[in-house]
Structures are given as C-alpha cells and as structure tokens.
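Notes follow the structure.
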Number of protein chains: 2
Amino acid sequence: MKRESKAQSDLYEAVFAALAHPARRRILTTVNFEGGAMQAGEIAAMFEHAWPTTTRHLRVLVEAGLLHDERRGRARVYRIDRKRLELVRDWLAWFSKDPG
Amino acid sequence: MKRESKAQSDLYEAVFAALAHPARRRILTTVNFEGGAMQAGEIAAMFEHAWPTTTRHLRVLVEAGLLHDERRGRARVYRIDRKRLELVRDWLAWFSKDPG
DNA sequence: CAATTACTTCGCCATATGGCTAAATGACTG
DNA sequence: CAGTCATTTAGCCATATGGCGAAGTAATTG
C-alpha cells in the first residue's frame, strides 16, 4: 500500500470531520434508509433543533462530498454519495492485517 | 438490523469524534504499522507540536477505547485496540446495501 | 537521596463548532 | 405581481477543541 498522499488525506479530513457529529451521522443513515434522497424539510423535521442548524449540517456533509444537492422546484433534494463513504472503508483497510 | 441503541451511539460518538483529527488518525496508523504498540515519547516525536498536545490526543484516543495504555517503568506504552475500530465498520454496514 | 528521564497535568488563549433568531432568496400560486 | 412556501444566509453567542509553556509526578540512576 502506498503512503497516504496529501490530496487523499484532505479528503479523509473532510469526511471524518463530517462524521464526527451525531446529527450528521443520523442524516446519512436516515437518507440512506429512505432510499438515498430526501428533501431538506424532511431532514430538518427529524430534529428538535432549528432548521438553519440542519442546513449547516447539510452543508458540511455536502462539502465532504457525502451528500449532493439538487434543486427540485422550491424544494432542495439531498442525495447520498455512497462512494464517498468508501473512503472510510479505505482508511480502515490500514488496520485489516498486520504490517508487512 | 436493530435500531441503534443509546449505549451503542455513545460509543460511536467517542470513536468518530476521536477519528476527526488528523493527528489522532496518524497516531493510530503509525502505532498499528509499528506492530500495535508504541511509547508516548516515540509517538510525540512524530509531531512538530509540543508533547502535551500529543498527550492530549492520546487521552482522547484512550477515552474512545481505540488505545489502551500501560506503564512500563517510567515510560508509558500505548497499544491499539483494533476491535474498537470495528465499530466504524459496523456503522458503515448500514450503507452496504439498499434498505429492506 | 539528589538528579535525571519520561511523561502528564494545569491553566491559559485563540479558533472552530454548533446552536439560535431574523432576514434574504427563489420558485410556485392566486 | 403580491403572497406564500421551502429553504438558505447572516450575524450573534456559548461552549468545545487544540495549541502552548510551566509545573507536577513517578520511576530509574548516580
């Protein structure tokens, strides 16, 4: 296995930071469970905190590439990018067997 | 698959938060690469930041259960707990196939 | 037992994060 | 085109995080 490149570690950076907050992990699992896409309003309704707080979490997830957003009329749809989650699996691979 | 229990989500909480910082991820990969255990001093030497900063990161990792520490004379040895990393894999399993 | 080694703990400070309300935007509806 | 709906942006504030140097502790060494 190659040494972790700079660009690669930057991606890890955003993804792991995004996953650090429970609300953001819940957004991901729920959107996934609901078929991979949900409107902002549906997502916001899951939480007790105010809507702008959810908007902020959504932005973090989008910036990490874990979600993509798309306008649908006056709604906004957030769709999960499962490929980006693979990055986490990739990182875990460093631990899967003893060092060679 | 069962719904995520409270205790379980608390574990996730600590683990994901611990993995959010690049220094802490580097500690884990390096300790793993070096055979699973390293002394505090060796770990601190990897970084440009001051030793107390490393001590703090180590504490976060221990509290997340990702490392365990043990005194060895006047040194302290940190050992990786690979089982705890499985928690991350477990969480990722929520995404491995379409909702049923 | 005094000094040194190997760390950790303490207290401080700057920045980042995550919450809020109020205001702005952009699309649809009458 | 005025109003409403869905959502974001702006600006504010409290707390959490991560850095530091200085001081403390526990084991080993002279």
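Numbers restart at 1 for each chain; the letters A, B, ... are given by sequence-line order, proteins then strands. Just so you know, these numbers come straight off a predicted model, no measurement behind them.
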* Structure fact -> For nucleotides 25-30 of chain C, 5' to 3', base contacts (B), sugar-phosphate-only contacts (S) and non-contacts (-) with protein non-hydrogen atoms under 4.0 Å give -BBBS-
Counting only pairs under 3.5 Å, give me each side-chain donor-acceptor contact of residues 65-80 of chain A, with atom names and distances, residues two or more places apart or in other chains.
residue, atom, partner, partner atom, Å
A:His68, NE2, A:Asp81, OD2, 2.8
A:Asp69, OD2, A:Arg76, NH1, 3.0

* A:Glu13: partners by side-chain hydrogen bond (donor to acceptor under 3.5 Å, both in side chains), with sequence neighbours left out -> B:Arg25
* Using only side-chain N and O atoms of B:Gln39, determine if any of them is under 4.0 Å from OP1 or OP2 of C:dC7. => yes
* Using the heavy-atom set of chain B and a strict 4.0 Å cut-off, write down the first and last nucleotide of DNA chain D that makes it in, 5' to 3'. => D:dG18 to D:dT29
* Structure fact -> note: B:Arg59, atom CZ; C:dT9, atom P; distance rounded to Å ~ 6 Å
Just distance, no hydrogens or angles: give the donor-acceptor pairs under 3.5 Å from side chains in residues 44-52 of chain A, sequence neighbours left out.
residue, atom, partner, partner atom, Å
A:His49, NE2, A:Thr54, OG1, 3.0

* **side-chain hydrogen bond (donor to acceptor under 3.5 Å, both in side chains) against A:His57, all qualifying residues, sequence neighbours excluded** => A:Arg24
* To do: Could you state the atom-to-atom distance from CD1 of B:Ile27 to C1' of C:dC7 in whole Å?
  => 14 Å
* Structure fact -> note: A:Arg24, atom CZ; C:dG19, atom C1'; distance rounded to Å ~ 13 Å
* Asked: Any sub-3.5 Å donor-acceptor pair from B:Arg84's side-chain atoms to B:Ala64's backbone N or O?
  -> yes
* Residues forming a side-chain hydrogen bond (donor to acceptor under 3.5 Å, both in side chains) with A:Arg56, sequence neighbours excluded -> none
* **Any residue meeting side chain to side chain contact (heavy atoms under 4.5 Å, CB included) with A:Glu63, in chain and number order, not counting sequence neighbours** => A:Arg59
* Asked: Would you say the side chain of B:Leu28 lies within less than 4.5 Å of the side chain of A:Trp94, judging by non-hydrogen atoms?
  -> no
* Structure fact -> Per the under-4.0 Å heavy-atom filter, residues of residues 47-56 of chain A near DNA chain D come out as A:Trp51, A:Pro52, A:Thr55
* Mind checking what makes salt bridge (charged side-chain N to carboxylate O under 4.0 Å, His left out) contact with A:Glu86, not counting sequence neighbours? -> A:Arg89
* Taking a hydrophobic cluster as the set of Ile, Leu, Val, Met, Phe, Trp and Tyr residues connected by side-chain heavy atoms closer than 4.5 Å, whether directly or through intermediates, do A:Met38 and A:Leu58 fall within one such cluster? -> yes
